[in-house]
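Just so it is clear, the model here is predicted, and its values are computed rather than measured.
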Amino acid sequence: MVLSLGAQFGQLLYAEIDYVAEGANARRFSELYAQDVAIADVFVPKVYSELTTRKLLTMEWVDGFRLTDSESLEANNLDKKKLVDTLVQCSLRQILENGFFHAGMNL
């Protein structure tokens with residue numbers, strides 16, 4: 001049975017609401033990129049599977065700030081252009097090399 005594009009999108013959207021699946025995707029992302037020197041600046045918070053349910057995703061807390069927060073970028077000596085480049089490279093590699101895209105919930 002062939003599903004319409006709308007039906008496929010609905011299934012994907014519903015799957016994103018399942019936090020057990022979301023946690024598995026985060027772990028897969030981490031496995032794919034943990035050894036990748038080219039994008040060594042990418043950090044994936046640990047997923048606590050034993051505390052995760054379909055309705056609750058429990059992950060390691062990571063302090064941070066938005067890419068648009070220029071004051072914090074400067075204070076932490078971070079190069080916005082380099083961060084954007086890392087984001088783009090990681091996204092393209094996910095799609096073009098691995099056929100797996102995981103944007104995460106905090107992007």
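Taking CD of Glu74 as the reference point, atom CG of Asp79 lies at 11.0 Å (rounded to 0.5 Å). Atom-to-atom distance recorded for Lys80:NZ and Asp85:CG is 14.5 Å, nearest 0.5 angstrom. Here the OG atom belonging to Ser91 is positioned 10.0 Å from the CG atom belonging to Leu96, to the nearest 0.5 angstrom.
The two residues Val20 and Arg54 make their nearest non-hydrogen contact at CG2-N, 3.6 Å. Annotation for Ala26 and Val44: closest pair O-CG1, 3.7 Å, computed over non-hydrogen atoms.
Both Leu83 and Phe65 are members of a single hydrophobic cluster when ILVMFWY side chains are connected at heavy-atom separations under 4.5 Å. By the rule that hydrophobic residues join a cluster once side-chain heavy atoms approach within less than 4.5 Å of another member, Leu67 and Leu92 end up as members of one cluster.
Residues Tyr19 and Val47 form no side-chain contact, since every pair of their non-hydrogen atoms from C-beta on lies 4.5 Å or further apart.
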Donor-acceptor contacts, no H, no angles, side chain residues 56-64, under 3.5 Å, sequence neighbours left out:
| unit_1 | atom_1 | unit_2 | atom_2 | d |
| --- | --- | --- | --- | --- |
| Thr58 | OG1 | Leu51 | O | 2.9 |
| Glu60 | OE1 | Lys46 | N | 3.0 |
| Trp61 | NE1 | Asp63 | OD1 | 2.8 |

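Remark: the Ser72 side chain and the Arg66 side chain contain no N/O donor-acceptor pair separated by less than 3.5 Å.
Applying the side chain to side chain donor-acceptor pair (under 3.5 Å) rule to Lys82 yields the partners Asp41; only residues at least two apart in sequence or on another chain are considered.
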